[in-house]
2 protein chains.
Amino acid sequence: MFDIRPILLVVGILLTTLGCSMLLPALLDLTLNNSDWIVFAASAGLTLFVGIALALVTWGRTAKLTVKQAFVLTTATWIALSAFAALPLSLSELDLSYTDAFFEAMSGLTTTGATVIEGLDRAPPGLLLWRGILQWLGGIGIIVMAVAVLPMLQIGGMQLFRMESSDTSEKILPRATQIAGSIATLYFLLTGACAVAYFLAGMRLFDAVVHSMTTIATGGFSNYDQSIRAFGSPMVDTVASVFMIVGSLPFVLYLQATRGNARPLFNDSQVRFFAVLLVILIAIAWAYQIQMTEADGTTALRYATFNVISIVTGTGYATTDYTQWGSFAVVFFFCAMFIGGCAGSTSCGIKIFRFQVVLEMLKAHLLRILYPHGVFVPRYNGKTLTDNVTAAVLSFFVLFFLCFIAIALVLNLIGLDNITAMSAAASAMANVGPGLGSIIGPDGNYGDLPGEAKWILSFAMLLGRLEIFAVLVLFSPLFWRQ
Amino acid sequence: MFDIRPILLVVGILLTTLGCSMLLPALLDLTLNNSDWIVFAASAGLTLFVGIALALVTWGRTAKLTVKQAFVLTTATWIALSAFAALPLSLSELDLSYTDAFFEAMSGLTTTGATVIEGLDRAPPGLLLWRGILQWLGGIGIIVMAVAVLPMLQIGGMQLFRMESSDTSEKILPRATQIAGSIATLYFLLTGACAVAYFLAGMRLFDAVVHSMTTIATGGFSNYDQSIRAFGSPMVDTVASVFMIVGSLPFVLYLQATRGNARPLFNDSQVRFFAVLLVILIAIAWAYQIQMTEADGTTALRYATFNVISIVTGTGYATTDYTQWGSFAVVFFFCAMFIGGCAGSTSCGIKIFRFQVVLEMLKAHLLRILYPHGVFVPRYNGKTLTDNVTAAVLSFFVLFFLCFIAIALVLNLIGLDNITAMSAAASAMANVGPGLGSIIGPDGNYGDLPGEAKWILSFAMLLGRLEIFAVLVLFSPLFWRQ
């Protein structure tokens, strides 16, 4: 028998948390005499009611999860939270359809940053705060999952980041609670630091707070239709660049650094690879821009640095329409979308360590071809890569691209043009945000897409955020077999 | 010490063969009083001179190849043959540059079928025959390599098709000679059957012979700018469809069938998978076409069947501009390019068995995730898939897509638009022929591309034909280390 009670309990607790956090925008709107406070208060009431009810009904059956329950829990949480988080968005004065509201909520919680809202500059502050909170919660949620849950589910090679080899699925809940505590503190402090930096760089306090939440979460929601460009400030660009990178590094390494051991942060092969890759990509974007546009060296460097970091980390802020640089820029940024940051960070995409594992594996494979009688074992960060891990990583690559192609084809069939369909699929799966082309490019938004496309893209965001397997597994008959 | 003499010997022997086959178009042109016979005779003389000289100088050191020598040999043969096969093309009355001639020769020998020649309808018959011969030789060449050489080099999972587990690289040459004999006979007979069928379907004898050579080789060179459409005959379409499929099945199974055991041909899991896939893809193309165009059911089925088979098998004939059906058709045919036929056939692309191996591996991976303590071994065609094989197959996928992206990006930088760059890269690597878009689409040709693009695409064709690894290995410092 599949016991759904532990799942409902966790969903209940998380909905309660979500309901509580709806009180913040309610308070803000109330203070500013904005009528939308009723919407947030009502949504909080409903969410709290459902959350507390679920928790109470299922209370007392904690701490032991089977692998199957853990899989269902992972997907169920994200869907349930998005469904309720969409309530205030759909009821607010912006008058979004529930489809639009769900898309926006999923985009927030998965830290994607794709938006359907036009006219952000005139939107009520409570709503803007709520979008920031969603990405902020999504960011901490994914770090906790990546550190505590996914490694034990052996998804996509995340088992590389198991902290103790004795971890089993039964320890998921206690461990998640414990790690969540220390990482949440750190996450809170880093967000605070980012907000202060934004404030010093010239942002209004409110903008600084909201943007710090969406920066550290590599989410990319902004309070302005023009995104970060609205500030037109190199200082703001710099602060954003720094904290997008901060959000893309493995948070466990920060924990170790706060305990006095900063060396892993600088010696970690994932971090180093990420740094080198960023430098190379920025150099390419810079050189191409200088050759193709009339931008001077400094301006080009500023645009290249900011936008490459924004796309690679999957944040999705924009400070210029880079697709205007030339047709190579379109393909360049399209490919950059897939990369992502480090495992155990708030960023999404394929992620750095998977590229490293593949490179190591290709090297070992090459050596085996050349010396058929030798024994060659791929290694990562000093550890031996087992066949299980390499198979998991390669399965991830294959599934990622198959899903990408399938989603792009379906979007295409619905009537989206090729560039919109392909970039929307890639951007959603890699949780980047903006796509390419005139509709959903860095200057556009997702509002005009047909409703079906929004549901498909919501699914794609979920798929990407939960490392594909955690969601797809549920569609397999093997999973449901006794 | 790296001993290149065995390599030069094989190259010498193959150049001699190539030189002899140049005498056929020379004879044809002489009979028809066409002045181009001198070009072919002169090229034959030069090629024979170099070939025989190489063979004589290195004679007596046969039969033992190291793995490294086998790798160098594989790539060197294809390049040397293309370089000499290009001679008559560049000297003929068509007045092609050597770049164009090399591109055409490489396209022929790799059975790609991309052409730079416009005005095929008025081209001298010797030249058309030569293009047919190149694809025909390339087809038999790749079968022999796939059966005798690649499995021992453990490239891309081809070790699945080793015939005896005791095969080692030292046996490559004797084994290749032995297999080449029986398969060449079969290949010759199948080509004959195809030529007779084309003739009965209404082609002129000359067209029937040339097209039979390029059909069985899944090459796709035609004697007409309009390709197979020039005949406007459903019968010709049908004959072509049947023999494109014949060319895409594993030739070893035909050998077994001629020995009285036809069951493997129908029971082989690769063949079955291929058949089901073709039916599904044809159904999609048919349904889409009916919905989007004014074609009636029968006409739509004719176009869907022919063009899906042509693209999936990597032949590249066209009977209609399918990109006009709608934007989904563009993405659909783009994806179909990558598929390819069965291993051990004349077709290229990723190939059916690799998709099967990946599916088996994903299934085993899924089971392992769900039941962490169970043991799940992926199987293929009744055999256990070792980690070595799955790693090789997955490395192939990853490298194929990385090379595809790299080549598309470079073509883009050279100035090709996105759709031309991407489809040219895919079409060349999968040895299909036509690309997409107005320049190189089913109605265009490669003549107008810049010279650099032609060299890059020649390289891409070689890369795809030799299963990526066999070429890339040579660029690795590890390979050249003592």
Side-chain angles (χ1 to χ4, degrees), chain A residues 67-68 71 152-155 168-169 288 326-332 334-335 338 358-359 361-372 378 387-388 390-399 401-402 405 408-409 412-419 421-422 469-470 472-473 476 478-479 481, chain B residues 67-68 71 152-155 168-169 288 326-328 330-332 334-335 338 355 358-359 361-372 378 387-388 390-399 401-402 405 408-409 412-419 421-422 469-470 472-473 476 478-479 481:
Chain A
V67 172
K68 287 191 182 183
F71 274 110
M152 293 170 213
L153 297 183
Q154 307 199 46
I155 289 179
T168 62
S169 64
Y288 184 71
S327 76
F328 172 76
V330 177
V331 187
F332 176 83
F334 179 74
C335 293
F338 289 95
V358 165
L359 285 178
M361 212 211 54
L362 286 177
K363 197 176 139 196
H365 183 57
L366 176 67
L367 284 167
R368 267 189 224 130
I369 287 177
L370 291 177
Y371 309 99
D387 285 323
N388 249 349
T390 52
V393 167
L394 286 165
S395 305
F396 179 89
F397 266 90
V398 171
L399 271 189
F401 281 102
L402 288 183
I405 291 169
L409 277 175
N412 196 278
L413 267 183
I414 287 179
L416 273 56
D417 65 275
N418 288 336
I419 184 81
M422 282 177 61
F469 258 107
L472 280 193
V473 148
S476 157
L478 284 172
F479 183 85
R481 201 188 284 169
Chain B
V67 172
K68 287 191 182 183
F71 274 110
M152 294 172 213
L153 297 183
Q154 309 199 46
I155 288 179
T168 61
S169 64
Y288 184 71
S327 76
F328 172 76
V330 177
V331 188
F332 176 83
F334 178 75
C335 293
F338 289 95
F355 292 100
V358 165
L359 285 178
M361 211 211 53
L362 285 177
K363 196 175 139 197
H365 183 58
L366 176 66
L367 284 167
R368 266 188 225 129
I369 287 177
L370 291 177
Y371 308 100
D387 285 323
N388 250 348
T390 52
V393 168
L394 286 166
S395 305
F396 179 89
F397 267 89
V398 172
L399 271 190
F401 281 102
L402 289 184
I405 291 169
L409 277 175
N412 196 280
L413 267 183
I414 286 178
L416 273 58
D417 66 276
N418 288 337
I419 183 81
M422 281 176 61
F469 257 108
L472 280 193
V473 148
S476 156
L478 285 173
F479 183 83
R481 202 188 282 168

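Just so we're clear, the structure is a prediction, and the values are computed from it rather than from any experiment. Chain naming here is simple, since letters A, B, ... match the order of the sequence lines and numbering starts at 1 in each.
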Part of Y288(A) lying under 4.5 Å from any heavy atom of chain B: side chain
Taking the side chain as every heavy atom from C-beta outward, state whether N412(A) and F332(B) have any atom pair closer than 4.5 Å. no
Side chain, backbone, both or neither: which part of V473(A) has an atom under 4.5 Å from a heavy atom of chain B? both
Closest-packed option against chain B by number of heavy-atom pairs under 4.5 Å, given T390(A), L394(A), V330(A): L394(A)
Taking ring pair (Phe, Tyr, Trp, His ring centres under 6.0 Å) as the test, write out the residues that go with F396(A), two or more places apart. F400(A)
Contacting region of L367(B) [heavy-atom separation from chain A under 4.5 Å]: side chain
Rounded distance [0.5 Å steps], CZ in F401(B) versus CZ in F401(A): 7.5 Å
Close side-chain approach of S327(B) to N418(A), heavy-atom, < 4.5 Å: yes
What part of I405(A) gets closer than 4.5 Å to chain B, counting heavy atoms only: side chain, backbone, both or neither? side chain
Relative to chain A, which segment of L399(B) carries a heavy atom at a distance below 4.5 Å: side chain, backbone, both, or neither? side chain
CG (L362(B)) and CG (L402(A)) are apart, to the nearest 0.5 Å, by 7.5 Å
Based on non-hydrogen pairs under 4.5 Å, which of L413(A), V398(A), L366(A) is most in contact with chain B? L413(A)
Heavy-atom proximity to chain A below 4.5 Å, by part of I369(B): both
Which residues satisfy the ring pair (Phe, Tyr, Trp, His ring centres under 6.0 Å) test with F469(B), sequence neighbours excluded? H365(A)
Hey, which of A391(A), A392(A), S476(A) has the most heavy atom pairs under 4.5 Å with chain B? A392(A)
